[in-house]
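Okay, structure first, notes after.
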Amino acid sequence: MPERVHKYLDGGSKPMKSATTRDNEVTIDRLSGSKKRKREHIDDNLPARPHSNAPSSGSLASVEGLSKGFKPTSLTSAKGYELQPQLTNGSTTQQSLPKSRPGPNILANQSIRSPLKARANALWPLRKALPVWSHASEIRQGLRIKDIILLVGETGSGKSTQVPQILAGEPWCKSRPVTLENARQTVNVGGCIAITEPRRVAATTLARRVAEEMGTPLGSSSPASKVGYSVRFNNSTSPCTKIKFLTEGMFLQEMLRDPWLKQYSAVIVDEVHERGVNVDLILGFMRNIAAGRLEGRGGIPLKVAVMSATAEMERLGNFFEEGYVPSSNGVDPEENKSDGSESEWSGITSSDEERGTADSQGKQPDQLPHINEKQPKKSPHANGGQSEKSCAHVATCHIEGRQFPVTINYTPEPVQDFVNAALRTTFKIHYQEPMPGDVLVFLTGQETVESLESLVNEYALGMSRDVPKMLVLPLFAALPQAAQQRVFQPAPPRTRKIILATNIAETSVTVSGVRFVIDCGKAKIKQFRTRIGLDSLLVKSISKSAAIQRKGRAGREAAGQCYRLYTEQSYLDLEPSNTPEILRCDLSHAILTMKARGIDDIINFPFLDRPPREALEKALMQLYQLGALTDTGAISEIGQQMATLPLTVSLGRVLIAAAEPELDCVSEVIDIISCLSVENIFLNLTSEEKKEEAQLARRELYRREGDHLTLLMTVQAYAAENADRKAWAERHFVSHRAMQAVMDVRKQLRAQCQQSKSLKGKTPRQITPELATSLLKCFLKGFATNSARLMPDGSYKTIVGNQTVAIHPSSGLFGKKVEAIMYNEFVFTTKSYARGVSTVQMDWIGGALGV
DNA sequence: GAGCACTGC
C-alpha cells in the first residue's frame, strides 16, 4: 500500500502544490505506473522540458523566504564532526574555535590562562548530554569485572569519542613493569588505549575532537599531549599519549612489531559492523590475546571493547566466549579442571557452529568437513576463573542513538529503470516538500550519477520561476577533490541541493542539510572468484542494514523521509547484512598478515566468518608460489619482508625481486608500483576530441613495451618537473590528485627500501631496452600467473587456467597483438579483461613459473 | 571499442 503524502508549507495553511499535478495528494505509485514510458514523456511530476511548449501551470504559494532558515552545510567527517580548515596541518586547536561558541562564564578566569582548558570546559555540557554518558558507569563496571565488552551504539550516541575517555581513568589503565616468563628483562605493559577506525578521516578527526574535549594538545604538537593518532603517511603521537586513534591497517602494522600490544591496556575496535578484512583479523587476534595466557604481557589482561552500530551482539558475544572454551583435545587435564564452565559454554558453541555451518552451506554447497573453530587454549587467564562461574566473560551494553524519525516510502511495483524513477521522485520531492531540505540520491556508479545529473538539469530548465532552484551535485570517489567540495558548500538562496552519490555517502562522507533520501537499492559490489582468480564488479542489491544506513542519512538533523525505489517485499527479501569482505576477496594478503604475526595454523584461526577452505588454500598456495612460505607452510624471510610492505602480495614480491643483483631496478620498480597501487593516473576522457588531444599530449610518455613502462615514463617526467607539476599534469591529461598519491606512496616505499639498504641513492637512468627487459622480468616474479598468450584466432588465453582474456581498452596495448602479455589485474565487467598490460616473451614466463 | 563502488598499509 503506497503511502499517501500530505505536505504543507511551514506555518502556511495551503497545501504545497506541484506545478503540474492536479491535486495535492500524490502517490508514489506514479513512479512505476509509467515505467514503460520513455523519458521524453512529460510526467506529472516532471516539469516541462525547455524545448517543450507545455506551460508550467500551477503555482507555488509563498516560496519566497522558504530558504530563510537554511542552515549552511559544512564538510564533516563520517563521524559528523566539523573538519576545521587546519585539518591537514594538524595543530593549534584553539585557533579553530568557532567564535560564536558560547564560553562558560564560570570558567572565565581559567580560560585566560589556558584556552585549551576553556574549550574543554565549554564542551563538557555537550558531552554530558550524549546518550553514552548514562552508560558510563555500566561500561566502567563491565570492564572492571570482565575483559571484553560489546557496545552496540546507534549513530549519534557519542561512543567513539566518549568511551576512550571513560576508560582512560580506570585503575587498570596504567603502565606496569612486569618480568616476562622467558626473558629476564623487565618491561612496561599498558598505559595506553588504542581505538581502531576503518578510515583515515575518522581516526584524525576523532583524535582532534577528543583532544579538544580533554583540553590537551593534539599528537606530536606537544610532548605533553595525551591524545594522538596514527594513519598512513601521518603519525602524530607524543611520549604521553594515553588515547591513540589508529586506522585498522596501522594497528595491524603495530602488531607486526609487537604481537602482544604491550603499550596498550585496552583496545577499542570501532565500526565493527562494516566488516572489512582488517577488522575481522583484529577481532581474531583480540580473541586470542584476551582469552589466552597473556604470557607476552606478563599476565596483564588486555581489555577489549568491541563497538558496532548493528546488534550482532549475540554472534560477537558467542565468538568471544568461545575463546575461553578449552578445546576437548590437546589441553592439559590440569588446566581443564581449573575451569568448571566448559559444559555451560558448550551449548553456545554448538549452536553457533550450526549456524556457521548453515551460513557457509548457503553459499558453498559442497563444503569441506566442518573445521573445529576452537583454538587449542591452554588455560583461561587469571581473571576468568575467579569471577562467578555462571558469569560469562563478555559484558554487553546497548546505547541508544540520537536519530530523528524517518518516514519510509516504497514503490508499489518493482521499478525497472531506477534512474528514471529517481528523476521522478526528485521532482516530486522538490515540488511538494518545503524548504529547507536537501535531497540525497543513492545510485550505483559514475555512469548512473552522470546520466541522472544531466536529466535533472534538463528538466529543471523547464521549471516555473516560482519554484525554488535545484543545484545538482554529483558525488563519487573518482570525482576531483574540488568538485567533491562543492557538495559541502551552502546552496545559494532559494535553492535545493540534489546530491547524486554512490555509496561513498553511505559511510565515508556525511553531508549535512539532507532531509530526503532516495535509495535505488543497488550498489556495485566486488567479488573475488577464487577458482579462476578473477575479480568482478557487478551491480547487486544492497543489504537490509545498508538500506537502513542509507535511510538514516535523512534523519540526522530533523525528521526526514526516505523513498525506496523498490517494493516493501523486496526490502524484506534483502540479505540482513553486507557480506563480510573476508568472504568475497582474495585472502593472500590477510593470510600473510596472520602468518607474520605468529599465526601458524590458519585453518584454526578464530574467524568471525570463516572463508571457504578452498579460498584459504588458494591463498596459501599463492603465497607459497611467491616464496613467502616455506615447504612446511611457515613464513619465509621473503614473506616477512613482504608483510612489512604497504603493498599487495604480488607487488611486494616484485619489489623484493628488484633488489636481486641481476635485476637491480628498485628505484624504477618503486615508480611503477606506486602507480599500480593508486587509482588510475590517466584521466578518463569522454569526448572523442579530448581523447585524441590526450593521446597526442601523452605521446612522449608512451612506451611500446606496455603500460608498466609507460607508467615509469610518466612518473619520471612528473618527478623531473620542478616548476609547476599541476600544470604539467593538466597538459598531459594526467590526474594531479592521483599523482600526488603516487608521490606519497613512492616516498614511503623509497624510505622503506633505503632503510633495508635495497635502495641506494641513484639518479634516474635512461630507460634502455635492457632495463625495460629487466623490469618486465622483475614483474613476472610476482605476476607470472597473470599472463596470457596469443592464440591463432587473435584472442588471448591465460597460461594458467586457459581462460579467455581481452586487453582492457584503457591499456596502451589495447587492440595490439603480441606473443604474450603480463597483466596487473584480471577483472570481469562486461567480459574478462586484463588491465595494466605489458608485452612479455613466452620463455620469460616459463622461467618465472619454473617450468 | 570499454567504462572503476569504497576503504587501507
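We name chains A, B, ... by the order of the sequence lines, and we start the count at 1 in each one.
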What does Leu537(A) touch in the nucleic acid at a heavy-atom separation under 4.0 angstrom: a base, only the sugar-phosphate, or nothing? base

Taking only the side-chain heavy atoms of Met250(A) (C-beta and beyond), determine which of dA2(B), dA5(B), dC9(B) contains the nearest atom. dC9(B)

Considering just the side-chain nitrogens and oxygens of Thr247(A), establish if one lies under 4.0 Å of OP1 or OP2 belonging to dC9(B). yes

Distance in angstrom units between Leu587(A) CG and dG8(B) P, rounded: 21 Å

Scan Gln446(A) against the nucleic acid and name what it touches under 4.0 Å (heavy atoms): base, sugar-phosphate only, or nothing. sugar-phosphate

Using heavy atoms to find the nearest nucleotide of DNA chain B for Ile504(A) and Gln748(A) separately, return the residue whose nucleotide is more 5′. Ile504(A)

Gap between atoms CD1 and C1', on Ile582(A) and dG8(B) respectively (whole Å): 14 Å

Nucleotide nearest Tyr833(A) when distance is taken to its side chain, options dC4(B), dA2(B), dC9(B): dA2(B)

Of the listed nucleotides dC4(B), dC6(B), dA2(B), the one nearest the side chain of Arg835(A): dC4(B)

Between Ile656(A) and Leu645(A), does a side chain to side chain contact (heavy atoms under 4.5 Å, CB included) hold up when you go through it step by step? CA-CA 10 Å; Ile656(A) 290 164; Leu645(A) 293 167; 4.3 Å; yes

Could you check Gly445(A) against Leu647(A) and say which one's nearest nucleotide on DNA chain B is further toward the 5' end? Gly445(A)

Distance check: side-chain N/O of Arg200(A) vs OP1/OP2 of dC9(B), anything under 4.0 Å? yes

In whole angstrom, what separates Met642(A)'s CE from dC9(B)'s C1'? 14 Å

CZ of Phe528(A) versus P of dA5(B): gap in Å, rounded? 20 Å

Within this structure, what is the CG-to-C1' distance between Asp535(A) and dG3(B), rounded to whole angstrom? 16 Å

Would you say Thr507(A) reaches dT7(B)'s phosphate, i.e. side-chain N/O to OP1/OP2 under 4.0 Å? no

Among side-chain atoms of Arg232(A) and Gln253(A), is any donor-acceptor pair under 3.5 angstrom? no

Quick note, Arg199(A) side chain, CB onward, closest among dG8(B), dA2(B), dA5(B) is dG8(B)

Write down the distance between CD (Glu825(A)) and P (dG3(B)), rounded to a whole number of angstrom. 13 Å

Atom-to-atom span, CD of Gln695(A) to P of dG1(B) - whole angstrom: 15 Å

Separation of atom CE in Met255(A) from atom P in dC9(B), rounded to whole Å: 17 Å

Salt bridge (charged side-chain N to carboxylate O under 4.0 Å, His left out) between Glu248(A) and Arg199(A): does it pass, once the steps are laid out? CA-CA 8 Å; Glu248(A) 290 159 0; Arg199(A) 281 170 292 280; over 6 Å; no

CZ of Arg553(A) to OG1 of Thr507(A): how many Å apart, nearest 0.5 Å? 7.0 Å

Looking at the side chain of Ala477(A), which of dT7(B), dC4(B), dC9(B) is the nearest nucleotide? dT7(B)

Worked verdict on Arg550(A) versus Glu506(A) for salt bridge (charged side-chain N to carboxylate O under 4.0 Å, His left out): CA-CA 6 Å; Arg550(A) 288 179 173 190; Glu506(A) 225 177 78; 2.6 Å; yes

Looking at the rings of His708(A) and Phe779(A), which for Trp means the six-membered one, are their centres under 6.0 Å apart? yes

Select one nucleotide: of dC9(B), dG8(B), dG3(B), the one nearest the side-chain heavy atoms of His808(A). dG3(B)

So what does Leu252(A) touch, heavy atoms closer than 4.0 Å: a base, only the sugar-phosphate, or nothing? nothing

When all nucleic acid strands are considered with a 4.0 Å heavy-atom cut-off, which category describes Val231(A): base, sugar-phosphate, or nothing? sugar-phosphate

Scan Gln253(A) against the nucleic acid and name what it touches under 4.0 Å (heavy atoms): base, sugar-phosphate only, or nothing. sugar-phosphate

